Amino acid sequence: MADNRHPPVTDFATDFDHTDPTWVNNPFPIWDELRATCPIAHSDRYGGTWLPVTHEHVSAIAYDTENFTSRAVVVSEVRPGPMDLPAPIGVAPPITSDPPFHAMARRLLLPAFAPRKVDALEPFTRQLCNDLLDALEGKDIVDAAVEYAQHIPLRVIAKMLGFPAEDADYFRHVIHLILEEGITVTEDDDERLVEGQALDAYFDNQIADHVANPRDDLTTFLLEAEPDGNKLMHEHVRGTMLLILVAGIDTTWSAIGSALWHLAHNPEDLKRLAAEPDLMPFAIEEMLRAYAPVTMARLVAQDVEIGGCPMKEGDWVLLPFPAANRDPEFFDRADEVIIDREENRHAAFGLGIHRCLGSNLARMELRVAVEEWVKRFPNFELADPSAVTWAAGQVRGPRSIPVRLPG
Amino acid sequence: MRVHVDAEKCQGHNRCYSLAPELFDVDDLGNAVELNDGNVPEGLEHKARLAVANCPEYAITITE
Ligand code: SF4
């Protein structure tokens, strides 16, 4: 709902807002129109924000870590002040870090998300999907987003970090607060402070528990790591836990949801996928291209001109990888979902040094979730298209998908 | 035919490795390296071209 801080948008070229209901429900026509008329839009909202929509501009900015900083990657009314975040580390390293600290923080985490580590989690994920599917058997109408998609990354991430599976509801709450901050922040800062302290206390408890009982998980790994001969600072460990929770759950939930939503109203694609499982890797990449969940953001680090637009230090820049993925200059038939598309250099996981750290994990979860669902329900369908709702903010995916299961 | 991964450009998307594990391997950091000195065995040319066409960072090149 638009409140008085977010009046409805009437012109996306001069006054866009990525939380506007029109954008949330269907952003593609907005980007198509801008690409044809005004490929870098500007809005005074959030204190000044730019919006490039072509693959060329989105990738140029993603590669330019000198003129654009990642100190803040979620557009909000509040910009980080010089004292707020210890640059170049940022609150959630390495996503909020710039070079050269970025490389150290990232190198530390990469092995935990490398293909072989991720392969080891596949049997757990497959079992989890089947347990969730078992619970849906015999029902007529189920919500594929709420009863299936969202549980998968919540449980996988909890397992990786070694946090109790029962805390999933709390993680969901925290993620909502952070990711939809742009819309939910009120002037009531006390409340945010209390939430922040509660989360720090939660992490502190988990850390204390892992110090007392070290085990084979990411938390123990972070506590024992000595990337430069010293243990990580406590804030670095907490910041990385925060990053993994926030970046690893909503995003993958959204990707799984979008894929199931697509199959629920494109019976030809569903039929083909059920009959030709070899197509799955291509279909998964095509879903990632067409329904990329994540739009990142940068702050302009120093005045710079991109595509003739004068960007000023401190301006926000939205980096809509989903819009780059629909650029007809870069992709053939960009607006169509072609599940056997063979050439697909999509940017769903970003480009350049901030390439999504968890891309191998996300891809595995998405593939296993779709494979198991299609195996179990090879002819499900959307029960009520008008009841599908979409998340607002920089992570886009369906939050409710009522589907009818074959009886 | 030979394939080559430019280590400077590779950001570890691992598209090449999942499409053509016969031609590429990944290290612990997820960065790709070509196997077998980059020589593409007969019959795998299509896979080599697929890897090139799916690397988002344009890190892979083919020499015939
Ligand atoms: S697809 Fe490209 S970026 Fe990804 S691992 Fe292979 S060479 Fe590196």
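All figures in this text were calculated on a predicted structure; none of them were measured in a lab. Residue numbering restarts at 1 for every chain, and letters A, B, ... go by the order of the sequence lines.
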(Q) If you define the side chain from C-beta out and look only at heavy atoms, does anything of B/L35 sit under 4.5 Å from B/L23? (A) no
So for [X], is it side chain, backbone, both, or neither that comes closer than 4.5 Å to the heavy atoms of chain B?
{"X": "A/N360", "value": "side chain"}
{"X": "A/I353", "value": "both"}
{"X": "A/F113", "value": "neither"}
{"X": "A/P281", "value": "neither"}

Q.
Tell me which of these, A/K117, A/E342, A/R107, has more heavy-atom pairs under 4.5 Å with chain B than the rest.
A. A/E342
Q) Of all of A/A347, A/P111, A/G352, A/S359, which one pairs up most often with chain B through heavy atoms under 4.5 Å apart? A) A/G352
(Q) Side chains of A/Y63 and B/E57 only: does a donor on one sit below 3.5 Å from an acceptor on the other? (A) yes
**Q.** Donor-acceptor contact below 3.5 Å, side chain B/D37 vs main chain B/N39
**A.** no
(Q) Angle between ring planes, A/F330 versus A/H55, binned at 30° and 60°: parallel, tilted or perpendicular? (A) parallel
Q: Please flag which part of B/R49 lies under 4.5 Å from any non-hydrogen atom of chain A: side chain, backbone, both or neither.
A: neither
Q: Could you check which of B/C10, B/G12, B/G30 has the highest count of heavy-atom pairs closer than 4.5 Å to chain A?
A: B/G12
Q.
The criterion is ring-ring contact (aromatic ring centres under 6.0 Å, His included); which residues satisfy it with A/H346, sequence neighbours excluded?
A. none
Q. When rounded to the nearest 0.5 angstrom, what is the spacing between CG in A/L273 and CH2 in A/W373?
A. 14.0 Å
